[in-house]
Every structure is written in structure tokens, then in C-alpha cells.
Trainee: 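Structure in C-alpha cells, see below.
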Amino acid sequence: MIWHRSSDTKKVDLIIFMGQSNMAGRGRAEEAPILPPGIAFEFKPISDPTRLYHLCEPFGVEENNFESGVSESNKTGSMVSSFALEYNKMTGQTIIGVSCSKGGTSIEQWQPEGSFLSDAISRYRTTEHWLLDNGYTIMNTFMVWCQGETDGDQGMTRLEYTLKLTTMIDAMIGAGIDRCYIVTIGNHRDHAERYQEIRAAQLDVCRQHNYAVLVSTEFEHMAASGLMTDEFHYSQQGYNMTGTDAGLHTAIDILARKKLNPDKAN
């Protein structure tokens with residue numbers, strides 16, 4: 001397998017990874033892939049907005065904003081490294097990743113004017129400004145979203161979740177994000193039907209919203225494959241599989257858009 005460094009290392013894709021615990025990651029960092037140098041970096045707008053760091057797991061572990069509430073101490077290994085490897089393999093693009101996730105959150109907490117979404121927009125803009133100030137050209141800027149188990153546990157309806165997810169995406173697009181790439185949630189390990197309404201809503205949004213794209217449903221199969229570590233979370237193998245799948249399908253969409261818009265070419 002071959003990974004690529006961009007021929008122009010100052011041309012990058014800016015990605016903000018948002019959601020709850022299965023975006024934050026509850027795996028084992030030592031079982032995640034190690035990225036070759038130079039293909040992906042983490043920017044840390046909360047803990048150190050002065051430089052780029054080699055992207056590795058546990059991704060975002062230091063990015064706790066106690067003022068906004070987007071903070072936790074349970075990030076142990078996520079899908080992000082696998083996503084970055086596959087995305088780079090397909091596109092050749094250097095990735096700048098930004099973490100903004102917190103376990104146990106409802107879509108209610110990610111609405112406009114709330115502290116979580118305001119924090120996400122601030123992290124994105126801080127990163128964007130730093131990159132531009134330091135001579136980088138941002139080719140694509142997008143978010144990857146994985147959230148919904150809390151809303152399923154609380155019995156949120158398909159329609160309500162659809163409306164609130166749409167509102168959140170609209171706010172991020174308004175802030176400058178190009179696309180929202182969605183990783184659907186999986187099944188509750190012990191109650192397979194519990195999250196059906198939320199997953200259906202996420203698929204509805206991907207069908208209906210011009211800027212929302214489905215990139216993975218892999219988590220749906222984890223319970224049956226024995227890759228869950230508790231009722232809600234996955235083994236690192238499960239995160240790796242899902243990250244690879246999401247990175248592949250995100251790259252496919254990016255490359256298709258590049259054919260339609262040659263100005264995005266490297």
C-alpha cells in the first residue's frame with residue numbers, strides 16, 4: 001500500500017472531526033495505524049494554536065475547552081488515523097485535522113448559538129487563519145460527523161433529529177465548511193432496534209441536503225461481528241474499519257467534485 005505526500009506540501013485539506021464518543025474514540029491507540037510522516041497533521045486550536053503536530057492516536061486528547069464544555073478525559077483511540085491514511089492514499093492530499101467531539105452529547109447541544117457549535121466554528125476559523133497566515137493554501141475544508149446514540153437513547157423522533165441535524169449543518173456551511181460527511185451510528189449492542197430512527201434520519205439528511213454526504217454505515221455491522229466493547233462503543237479494529245471506509249468514500253466524493261471543478265486541482 002502506498003501513501004502520498006502532496007507535491008506541494010503547502011496545499012492542504014482542512015477537516016474538523018465532530019460528534020460524540022464514537023468520533024472521540026473509545027478504542028486502543030496502540031492498535032491504530034501509525035501514519036507516515038508528512039501526510040497528516042493535527043492542529044490544536046485549544047491547547048497549542050502555534051504549530052502543526054503529526055496526527056496520531058489518541059487524536060484530540062489535549063483539545064479540551066472547559067469554557068464551552070467540549071472537554072473530556074476518555075479519548076483513547078479513534079477512527080481518524082485510519083480515515084487519514086485512506087483519504088491520503090486516494091487523493092494524495094495532506095490533511096490538517098481538528099478535533100471537536102465530546103461523549104454523551106445530544107444534537108440539541110450542537111445547535112446554533114450554543115456553546116458547542118460556537119466552539120466548533122471557532123476551532124475551524126482559528127485553524128483556517130493560522131494556515132493562511134503561514135502560507136498554506138486550503139484546497140478543501142469539510143467536517144466529518146458521527147453522533148446520535150444519546151438522542152436514540154432519549155427517544156428523539158426521526159423528524160426532530162432530521163431538522164436539528166439540518167440546522168447544524170446549515171450553520172457550519174454558513175461558517176465556511178464545504179461539506180458535511182456523515183458516518184451513521186451503529187446499533188445498541190443489546191437493543192438492536194433502539195437507534196433505527198436516528199440512523200434513518202441521518203440517511204434522510206444525506207438524501208435531502210445538498211451539502212451532506214453519507215460516507216460510512218460500517219458501525220451498523222459491529223455488534224453482529226463482535227466488535228463492540230460495551231453497549232455503545234467499538235474495538236479499535238472497528239474504528240479502523242470504519243475510518244478506512246469513511247476515508248475512502250469521502251475521497252471518492254472529493255475527487256468527483258474536483259472533476260467538476262478543475263480549480264480544485266492540485
Side-chain angles (χ1 to χ4, degrees), residues 16-26 78-80 83 100-112 114 116-117 120 142-174 177-235 238-239 241-253 256:
I16 182 165
F17 294 88
M18 297 170 55
Q20 62 178 116
S21 59
N22 283 317
M23 177 57 78
R26 299 294 189 259
S78 76
M79 70 175 92
V80 174
F83 179 102
C100 190
S101 57
K102 176 179 171 62
T105 55
S106 166
I107 191 69
E108 295 270 12
Q109 296 169 275
W110 294 95
Q111 296 301 289
F116 282 29
L117 198 59
F142 55 86
M143 59 183 287
V144 181
W145 176 257
C146 183
Q147 180 276 340
E149 293 91 345
T150 292
D151 298 310
D153 289 335
Q154 295 175 352
M156 184 175 288
T157 67
R158 178 175 179 173
L159 177 59
E160 184 179 4
Y161 188 89
T162 298
L163 292 173
K164 290 186 182 299
L165 180 57
T166 298
T167 299
M168 186 272 291
I169 294 172
D170 287 344
M172 291 298 292
I173 297 298
I177 296 290
D178 296 334
R179 285 284 190 279
C180 174
Y181 292 106
I182 294 179
V183 176
T184 59
I185 61 171
N187 295 306
H188 188 287
R189 186 191 62 190
D190 303 328
H191 304 281
E193 76 292 341
R194 183 173 294 179
Y195 299 150
Q196 290 178 358
E197 288 283 286
I198 302 301
R199 283 205 312 276
Q202 292 171 341
L203 295 175
D204 288 343
V205 171
C206 292
R207 284 190 291 263
Q208 297 165 8
H209 200 294
N210 290 334
Y211 299 100
V213 181
L214 175 68
V215 291
S216 185
T217 60
E218 281 295 297
F219 281 146
E220 184 177 350
H221 312 296
M222 298 293 162
S225 300
L227 295 176
M228 297 192 74
T229 57
D230 58 28
E231 299 99 315
F232 316 104
H233 305 117
Y234 307 100
S235 67
Y239 289 119
M241 292 169 60
T242 302
T244 298
D245 189 52
L248 169 65
H249 289 101
T250 301
I252 289 170
D253 185 72

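All heavy atoms count here, side chains included; hydrogens, waters and symmetry mates do not.
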Trainee: Report the distance from atom CD1 of Ile107 to atom CG of Leu165, rounding to the nearest 0.5 Å.
Mentor: 5.0 Å

Trainee: Look up atom CZ in Arg207 and atom CD in Gln202, then write down how far apart they are to the nearest 0.5 Å.
Mentor: 11.5 Å

Trainee: Do Val183 and His249 come within less than 4.5 Å of each other through their side chains, counting heavy atoms only?
Mentor: no

Trainee: Nearest heavy-atom pair of Thr162 and Ala201: which atoms, and what distance?
Mentor: OG1-CB, 3.3 Å

Trainee: Measure the shortest side-chain to side-chain distance between Asn187 and Glu193 over non-hydrogen atoms and say whether it is less than 4.5 angstrom.
Mentor: no

Trainee: If we ignore hydrogens and angles and just use 3.5 Å, is the side chain of Ser21 paired with the main-chain N or O of Ala24 as donor and acceptor?
Mentor: no

Trainee: Where is the tightest heavy-atom contact between Ser106 and Gln147, given as atom of each residue plus distance?
Mentor: C-NE2, 3.4 Å

Trainee: Side chains of Phe83 and Thr250: closer than 4.5 Å at any heavy-atom pair?
Mentor: yes

Trainee: When you measure from the side chain of Arg199 to the backbone N and O of Gly186, does any donor-acceptor pair fall under 3.5 Å?
Mentor: yes

Trainee: If we only count heavy atoms from C-beta on, is the Met241 to Leu227 side-chain gap below 4.5 Å?
Mentor: yes

Trainee: What is the minimum heavy-atom distance between Asp190 and Glu231, and which atoms define it?
Mentor: OD2-CG, 3.4 Å

Trainee: If you take all heavy atoms of Ala120 and Met18, which pair is closest and at what distance?
Mentor: CB-CE, 3.7 Å

Trainee: Within the 4.5 Å heavy-atom criterion, are Phe142 and Ile16 side-chain neighbours or not?
Mentor: no

Trainee: When rounded to the nearest 0.5 angstrom, what distance separates CD1 in Ile185 from CG in Asp151?
Mentor: 8.0 Å

Trainee: Roughly how far, to the nearest 0.5 Å, is NZ of Lys164 from CE of Met168?
Mentor: 12.0 Å

Trainee: Flag the pair Lys102 / Phe116 as yes when at least one side-chain heavy-atom distance between them is below 4.5 Å, and no otherwise.
Mentor: yes

Trainee: Hey, which of Ile182, Ile177, Asp178 is the one that makes side chain to side chain contact (heavy atoms under 4.5 Å, CB included) with Cys180?
Mentor: Ile182

Trainee: Could you tell me which residues satisfy side chain to side chain donor-acceptor pair (under 3.5 Å) with Thr166, sequence neighbours excluded, listed by chain and number?
Mentor: none

Trainee: Measure across Cys146 and Asn22 and return the closest heavy-atom pair with its distance rounded to 0.1 Å.
Mentor: SG-CB, 4.3 Å

Trainee: Flag the pair Asp204 / His209 as yes when at least one side-chain heavy-atom distance between them is below 4.5 Å, and no otherwise.
Mentor: no

Trainee: Output, in order, the C-alpha distance, side-chain angles, deciding distance and verdict of side chain to side chain contact (heavy atoms under 4.5 Å, CB included) for Trp145 and Met23.
Mentor: CA-CA 7 Å; Trp145 176 257; Met23 177 57 78; 5.9 Å; no

Trainee: Applying side chain to side chain contact (heavy atoms under 4.5 Å, CB included) to Arg26 and Thr229, what does each step give before you reach the verdict?
Mentor: CA-CA 9 Å; Arg26 299 294 189 259; Thr229 57; 5.6 Å; no

Trainee: Taking Gln111 for its side chain and Glu108 for its backbone only, find out whether a donor-acceptor pair lies under 3.5 Å.
Mentor: no

Trainee: Between Gln109 and Thr150, is any pair of side-chain heavy atoms under 4.5 Å apart?
Mentor: no

Trainee: List the steps and the verdict of side chain to side chain contact (heavy atoms under 4.5 Å, CB included) for Cys100 and Trp110.
Mentor: CA-CA 11 Å; Cys100 190; Trp110 294 95; 4.1 Å; yes

Trainee: To check you understand the geometry: which heavy-atom pair defines the closest contact between Arg179 and Asp253, and what is its length?
Mentor: NE-OD2, 4.2 Å

Trainee: Is a side-chain N or O of Glu149 found less than 3.5 angstrom from the main chain of Tyr195, in a donor-acceptor match?
Mentor: no

Trainee: Sequence neighbours left out, cut at 3.5 Å: what donor-acceptor pairs do the side chains of residues 210-225 make with other protein atoms?
Mentor:
residue	atom	partner	partner atom	Å
Ser216	OG	Glu218	N	3.2
Ser216	OG	Asp245	OD2	2.8
Ser225	OG	His221	O	3.0

Trainee: Determine, for Asp230 against Arg189, whether the closest basic-nitrogen to carboxylate-oxygen distance falls under 4.0 angstrom.
Mentor: no

